[in-house]
Every structure is written in structure tokens, then in C-alpha cells.
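Report on the structure given below.
For ligands, and for the atoms within them, numbers begin at 1 and follow the listed sequence.
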Amino acid sequence: MKLWGGRFTKETNELVHNFNASISFDKKFYKQDIEGSKAHVTMLAKQGILSNEDRFTIINALEQIKLDIENGTLEITDEYEDIHSFVEATLIERIGEAGKRLHTGRSRNDQVALDMRLYTRDEVLEINDLLKELLKVIYRIMSENTSSIMPGFTHLQKAQPVTIAHHFGAYFEMFKRDRSRLDDIYERMNYCPLGAGALAGTTYPLDREYTAEYLHFAGATMNSMDSVSDRDYLIEFLSALSTIMMHLSRFSEEIIIWNSNEYGFIELDDAYSTGSSIMPQKKNPDIAELVRGKTGRVYGALISLLTTMKGLPLAYNKDMQEDKELTFDAIDTVKGCIALFTGMIDTMKFNLDTMEKSARRGFTNATDAADYLVNHGVPFRDAHGIVGQLVLYCIDKGIALDDMTLEEYKAISPVFEKDIYEAISLNTCVEKRLTKGAPSKAAMTAALKEYKEYLGL
Ligand code: ARG
């Protein structure tokens with residue numbers, strides 16, 4: 001059944017119907033479509049464009065259609081072109097004449113623009129909440145590990161000692177920014193396109209602000225041509241989702257490295273790892289690998305939509321129908337990834353000894369040895385050179401800076417005294433870094449206090 005058969009004398013070719021149809025995927029927003037129609041009808045009646053009796057009949061029938069879809073007595077079938085046609089046809093089938101008045105002053109162009117916005121608006125909130133759950137787990141891990149020393153890296157080479165709290169705090173900041181990006185997107189997209197018609201508004205005296213308010217939008221959109229052809233909010237959303245995936249992917253990469261036999265920093269819970277069909281000893285970080293892998297898919301959605309939109313003249317073009325499958329897929333992918341990632345890090349165990357030993361073995365306190373000399377009057381450039389010699393000496397002997405005797409120190413520079421050991425202990429290295437955002441317990445405790453408030457804990 002078609003909404004536009006009047007002008008046509010021939011049936012649509014079957015392949016054309018299938019190629020053109022979107023119902024296989026836009027049925028996902030049947031609820032939003034029905035909600036939008038209820039708003040439209042309520043506004044039409046308020047404006048005297050539709051009788052109150054018709055409004056009543058239509059709204060009851062729409063609510064029944066929603067219930068029937070949900071309890072499985074009404075099946076959304078592929079013979080319809082899209083979810084809009086399906087709902088309208090079912091309505092007309094059930095209530096006749098009144099149902100035929102629903103589409104007064106409306107086009108599928110503003111209808112689909114509305115449905116997609118309503119659907120996306122809810123998903124923006126859901127993803128925001130999932131990120132909050134992830135942040136709560138990161139917060140818990142941070143609070144428990146403000147004194148757990150690990151090596152901090154640059155170039156994936158051990159650099160300076162940090163703590164697990166500090167390292168995880170970096171990810172806290174990333175996901176916090178991701179949430180604020182979602183807040184911004186929500187605010188910008190929260191305007192109602194309904195009433196824009198096909199592109200040029202309508203001749204009926206619609207009250208667009210009323211419809212907008214009914215659907216909890218901040219207001220109605222300003223330009224009817226833009227209203228039906230704007231997909232910026234989806235591009236922004238896909239960009240925010242891509243950034244979330246980029247963060248999850250970096251984090252996953254670290255988990256994979258930390259979980260390797262060579263590092264052994266962490267152990268993933270059995271429930272969050274998988275085995276090999278041939279190698280009995282294997283316990284693989286598949287979840288982290290899949291999250292890293294699926295990042296490409298979400299980037300792909302962003303690039304697809306940007307490319308789809310780039311040559312479109314105003315206003316609506318059917319190309320825009322392509323926004324749906326890729327956005328739905330990106331949303332489902334990101335939600336799954338955040339939830340699984342949260343469970344994975346919530347259950348993993350840290351090998352604290354291994355992490356601390358690793359920090360000790362990698363000369364991560366070399367900068368502090370140089371700072372010691374500077375504090376005793378040696379210019380930094382000279383101090384850098386002297387500590388370079390110490391490191392070479394240690395590498396040659398297979399020992400750490402902490403293992404050298406005072407005589408050995410003095411042989412390289414007489415400035416060293418026995419307080420050098422205290423100055424280069426990993427604990428000192430971390431605890432002396434007191435500036436805002438640095439790894440000391442004091443600085444991290446201050447950060448945690450803010451995070452606690454932010455999470456409402
Ligand atoms: N399925 C279409 C879409 O997703 C709905 C709008 C159809 N409008 C039209 N003029 N054919 O964009």
C-alpha cells in the first residue's frame with residue numbers, strides 16, 4: 001500500500017520497491033513516529049484544523065497500534081515503504097475517514113526529520129549515562145590506587161613513575177569530555193522540525209511552538225528548508241561517538257599490552273577473556289581487541305554520512321535516507337563497547353608488585369636523580385650528562401640506580417651523598433609531584449574530590 005499512488009498508473013517494479021524502501025530499518029523508530037503523530041494531531045485540533053472528535057479517535061488508535069506492535073499482535077511488514085506509511089495505513093484501516101486526516105499539514109520529510117531527532121535525542125542521553133557508569137568504575141579504581149606505583153610511558157618507553165590512579169585519571173578526563181560533547185550536541189539538536197512540511201512550511205495555521213513544547217523540545221526550528229535537510233546533528237553525534245571509540249580503543253590497546261605475558265601488569269577476569277581452540281595456555285583479551293577493532297566501523301559511519309551530505313542541493317533528497325542504518329549501527333556498536341569495556345575493567349586485577357618492579361627496573365627515577373644534582377648546585381645540562389653516565393654504568397652491570405653503592409655514585413660525581421637513595425625512591429618521585437594534575441597522592445586526592453562531586457557520589 002502506497003501513500004502516493006494517485007499520480008501513478010503502473011505498479012512499482014519490485015526491485016525498485018525494495019531498493020527504495022526503508023521499513024526494514026526505520027521500523028526501529030515506530031514509537032517516535034507515533035509520538036510525533038500524537039503531537040501533530042493535538043496541535044491540529046487546538047488550532048481548529050481538525051475536530052476534537054477526530055483527534056480523540058486518532059490518538060486512541062495510535063496508542064493501540066503502539067501497544068499491538070509491542071505485544072506482538074501487529075507485525076510491521078516489508079510490503080510498506082517506510083514506518084510512516086505503515087503507521088498511517090494501519091490507522092486508516094482501523095478508523096477510516098479520521099485516519100486520512102492525520103497527514104494534514106505534514107510531509108514525510110519533516111516527519112522523518114522529527115522521528116530521527118527524537119530517536120537520536122534519547123540515544124544521546126543513554127550513551128551519556130553509560131559513560132557515567134564507566135566513569136564510576138574508573139573512579140573506584142582510582143580511589144583504591146592512589147599509591148599504586150607503575151611506570152608512566154612516552155614512546156612506549158618507561159619515562160617517569162606514576163600511579164594507577166594517575167594513569168586512569170587521564171581516561172577519566174577523556175570520558176568526561178565525551179559526556180560534555182554529548183551535552184552540547186543535545187542542546188544544539190533539541191529543536192523541532194515538525195511543521196516544516198516538504199520544504200516550504202504549510203498554508204495551515206500550525207502552531208509549531210506548541211508541537212515543539214509537546215515533544216519537550218526547546219523550540220521549533222527556524223528555517224523550513226534547513227529543517228528537512230539538516231543532518232548536522234547526526235554528523236556531530238557520529239563525531240562524538242568516533243571520539244568515544246578512539247578513547248576506548250587507546251585504553252583497549254593499553255589493556256592488551258598490560259595483559260601480555262611480557263608485561264603481566266593485569267589479569268583479566270575469566271568471564272571477560274577467551275581461550276584458543278588449539279593452544280591450551282591462552283587467555284586472550286578479545287573484548288579489548290574487538291573494541292579496538294570496532295572503532296573503524298564507527299569512524300566509517302561518520303565518513304559515510306559526511307560524504308553522503310557533501311553534494312546535496314537543498315532541500316530534502318532521498319540520499320538522506322542513508323543516514324539511518326549507519327547511525328543505528330554506530331549507536332548499537334558504541335553502547336555495546338562501553339558496557340563491555342566497563343565490565344572488563346571492573347573485574348580485572350592489577351599485579352601491583354609487577355607494576356612497581358617494572359617502574360624500578362626502567363630508570364624511571366633518572367629525572368629525579370638529575371633534579372637531586374640540580375638542587376645541589378649542578379647546572380641541569382651537566383646533571384643530565386652525569387645521570388646519563390650512571391644509567392650506562394647500571395645497564396652494564398644489570399642493576400637499577402637504587403642498587404648502586406654510594407662509592408659508585410661518588411666515583412661518577414662527588415656531589416652525591418647518602419640522601420640520594422631517599423631522593424630517588426619511587427615513592428619520593430611520585431609524592432614530590434604536587435602540582436595540580438600531577439601523580440602525588442595529595443594531587444590525586446584533590447582530583448578525586450572533584451570527580452566524586454561530578455558523579456554525584
Ligand atoms: N524513508 C525516508 C527517509 O528516511 C523518509 C522520507 C521520505 N520522503 C520522501 N519524500 N520520499 O529519508
Side-chain angles (χ1 to χ4, degrees), residues 1-8 10-37 39-40 69 76-92 102-123 189 191-202 211 215 221 223-235 237-238 301-302 304-332:
M1 138 76 207
K2 296 222 161 35
L3 297 176
W4 39 263
R7 187 219 184 280
F8 288 75
K10 256 184 162 179
E11 279 298 309
T12 320
N13 172 299
E14 196 186 324
L15 288 176
V16 172
H17 171 83
N18 294 342
F19 189 66
N20 194 43
S22 53
I23 193 152
S24 63
F25 48 87
D26 64 20
K27 63 180 167 199
K28 216 176 169 98
F29 50 55
Y30 73 89
K31 253 190 249 163
Q32 286 76 8
D33 196 71
I34 289 174
E35 208 41 44
S37 289
H40 184 60
I69 293 172
I76 304 175
T77 52
D78 282 359
E79 73 206 79
Y80 297 91
E81 185 182 334
D82 50 35
I83 189 65
H84 327 297
S85 319
F86 172 81
V87 172
E88 196 178 327
T90 312
L91 188 74
I92 294 171
L102 164 66
H103 210 53
T104 313
R106 188 175 72 171
S107 155
R108 276 185 298 164
N109 296 351
D110 58 345
Q111 191 178 354
V112 77
L114 171 71
D115 292 2
M116 194 62 185
R117 255 182 221 234
L118 287 173
Y119 185 89
T120 310
R121 196 175 64 166
D122 286 347
E123 295 296 336
M189 72 176 286
Y191 290 87
C192 184
L194 199 65
L199 77 162
T202 102
T211 317
L215 293 166
T221 49
N223 179 291
S224 63
M225 289 181 83
D226 181 52
S227 307
V228 291
S229 62
D230 164 32
R231 298 295 180 270
D232 290 5
Y233 71 99
L234 291 177
I235 288 170
F237 184 41
L238 290 170
L302 170 63
S304 282
L305 188 57
L306 278 169
T307 312
T308 295
M309 294 303 294
K310 75 182 257 297
L312 298 190
L314 293 180
Y316 178 83
N317 299 269
K318 196 60 176 259
D319 315 44
M320 290 173 182
Q321 177 166 290
E322 284 294 308
D323 64 358
K324 292 178 196 62
E325 283 166 291
L326 54 88
T327 303
F328 294 155
D329 182 71
I331 289 171
D332 293 345

Atom CZ of Phe8 with >12 non-hydrogen neighbours under 6.0 angstrom:
yes
Do the ring centers of Tyr119 and Phe328 come within less than 6.0 Å of each other?
yes
Sub-3.5 Å N/O-N/O distance, Glu81 and ligand 1:
no
Given the rule in the salt bridge (Lys or Arg N to Asp or Glu O under 4.0 Å) test, do Lys310 and Asp319 qualify, once you have shown the distances and angles that lead to the verdict?
CA-CA 11 Å; Lys310 75 182 257 297; Asp319 315 44; over 6 Å; no
In terms of heavy-atom contacts, does CD of Gln321 have more than 12 from other residues, nucleotides or ligands at under 6.0 Å?
yes
Note the single closest protein heavy atom to atom 8 (N) of ligand 1, along with its residue, its atom name and the distance in Å.
Asn109 OD1, 3.0 Å
Indicate whether the side chain of Arg106 and that of Thr202 have a donor and an acceptor atom separated by less than 3.5 Å.
no
Closest to atom 4 (O) of ligand 1 among protein heavy atoms sits Lys324 NZ, 2.6 Å
I want to know if ligand 1 touches Arg231 in the polar sense, i.e. an N/O pair below 3.5 angstrom.
no
Using a heavy-atom cut-off of under 4.0 Å, does the side chain or the backbone of Gln111 touch ligand 1, or both, or neither?
neither
Which atoms of ligand 1 have any heavy atom of Ser22 under 4.0 Å away?
1 (N)
Asp110 and Leu114, any side-chain heavy atoms less than 4.5 Å apart
no
Proximal atoms of ligand 1 relative to Gln321 (non-hydrogen, under 4.0 Å):
1 (N), 2 (C), 3 (C), 4 (O), 12 (O)
State whether the shortest distance between N or O atoms of Tyr316 and N or O atoms of ligand 1 falls below 3.5 angstrom.
yes
